[in-house]
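The model shown is predicted, which means the values in this text are computed figures rather than measured ones. Values below: all heavy atoms of this structure, side chains included; hydrogens, waters and symmetry mates excluded. Indexing begins at 1, ligand by ligand and atom by atom, following the structure's order.
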Amino acid sequence: MKTIRQNFAVSFNYDVAFTEGLFNPSNKLFSSQIQVTDNKPLPKVLCVLDEGMLQYHPDLFDRIRRYRDESGSRFQLIGKPVIVPGGEASKNDPSAVQLILDAIEEADIDRHSYLTAIGGGAVIDVAGYAAGIAHRGVRLIRVPTTVLAQNDASVGVKNGVNVYGKKNFLGTFTTPHAVLNDFEFLHTLDMRDWRAGISEAIKVALIKDAVFFSELESNARLYQQRDMEAMKSLIHRCAELHLEHIRTSGDPFEMGSSRPLDFGHWAAHKLEQLTGYSLRHGEAVAIGIAVDSVYSHLAGMLPEEDLERILELFKRCGFDLYVPELEHKLDQPRQKESILHGLEEFREHLGGELTIMLLEKIGKGVNVHEIDTKLYREAVGVLKSFEKEPA
Ligand code: NAD
């Protein structure tokens, strides 16, 4: 038998930039990301726009056109943007991916052209998936327009769509060409979407950075008052911690079974499904983190005072921490509709051994490989009573 052993390493580089007024002609950030080659046709840019976002920014495409004309930017803007429904609807409906692929084909977008996705995390995930599979990967510029998309969903290497009722069942690991965060988009978010992204910041603070957790505690009231400076700081630090993890964890493309950044997500993904996606991803993550934190405490890992601080912070930020679906078919974990089936779906998604992140203290996560279902039921009970307590 003969074997040729293949081995090579590739390094990935991309900027995650923060700005305001991305498409003001004086702002050079967007055009600086487009690579122009002498004596070659100007690169093409095809935009994918989130319909929900567009309601609040109806002149966005005109502004992009003006930007191209007035900023000296050198690219060919494809005249018709692709508009896909905002939110999870776009990840649940296969026609959204198809629409983007059709437009890529029609506009002759090649691997040196750019798909620019502008919207919430869901639309960015769908566009990223289409960009990842067309020609085995066209360049993707992400322009996230929600808190959660800016501080988490857009900064990393994953994209995906939901199939078989399962979150992100189809997807690829592909790095973006660039991530351009424009804080101005955040002004038009409704309160739910403004708040939802805070849960991902709480998550990453809990597993990695106790000092950041204290900052979130100090600023909780400011987030409620929609203080933009406080939110910018939250987004920046949260994005930085996610990027640092991807860069330094040794497993950027999640080949192993451990996925610390998905703390609280096994229950969250199942809750999104069980509630028919009426919960925002970030809202479900808040509940998932809360239940796993209570569980961590009941399992003897997390001190009581830390648990109190965690639940208190979520409440002060305005999150609800209990939905009846948390108890759905609790005693029938093998049934697909059981909340506990989320554990198996999570394991399946990662492959290998079930690995769930829990908490040892604020700022430090710990991996476990089993969940005691009796204790989980107790944890749900604690959360339910906590929710009933007067604020
Ligand atoms: P979302 O994409 O569902 O958007 C929520 C709503 O906000 C939608 O109705 C959308 O149309 C609207 N919207 C978007 N921008 C707006 C703006 N500026 N003004 C007004 N309305 C606006 O929610 P999200 O929280 O941004 O993203 C959640 C998604 O991100 C989930 O599908 C989740 O699975 C995914 N996600 C992906 C990753 C990843 O690594 N790929 C990580 C975390 C989350």
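- Residue K91 has at least one nitrogen or oxygen atom sitting less than 3.5 Å from a nitrogen or oxygen atom of ligand 1, judged on distance alone.
- Of all the atoms in ligand 1, the ones that sit under 4.0 Å from a non-hydrogen atom of G121 are 2 (O), 24 (P), 26 (O), 27 (O), 29 (C), 30 (O).
- Every atom of ligand 1 is numbered from 1 in the order shown, and the set under 4.0 Å from a heavy atom of E88 is 3 (O), 31 (C), 32 (O).
- Contact annotation: for M53 versus ligand 1, heavy atoms closer than 4.0 Å belong to both the backbone and the side chain.
- Considering backbone and side-chain atoms alike, E200 places every N or O at 3.5 Å or more from each N or O of ligand 1.
- Remark: M228 CE is packed, more than 12 non-hydrogen atoms of other residues, nucleotides or ligands lying under 6.0 Å away.
- Backbone and side-chain nitrogen or oxygen atoms of L148 are examined, and none is located within less than 3.5 angstrom of a nitrogen or oxygen of ligand 1.
- Nearest to atom 35 (C) of ligand 1 by heavy atom, out of L189, L54, D125, V123, is D125.
- At a heavy-atom distance under 4.0 Å, atoms from both the backbone and the side chain of T145 approach ligand 1.
- Interface atoms of ligand 1 facing F185, defined by a heavy-atom separation under 4.0 Å, are 17 (C), 18 (N).
- D50 meets the side-chain contact (heavy atoms from CB on, under 4.5 Å) test with M53, V123; sequence neighbours excluded.
- Each of the following atoms of ligand 1 lies closer than 4.0 Å to a heavy atom of K167: 31 (C), 32 (O), 33 (C), 34 (O).
- In terms of the side-chain hydrogen bond (donor to acceptor under 3.5 Å, both in side chains) criterion, E51 has no residue partners (sequence neighbours excluded).
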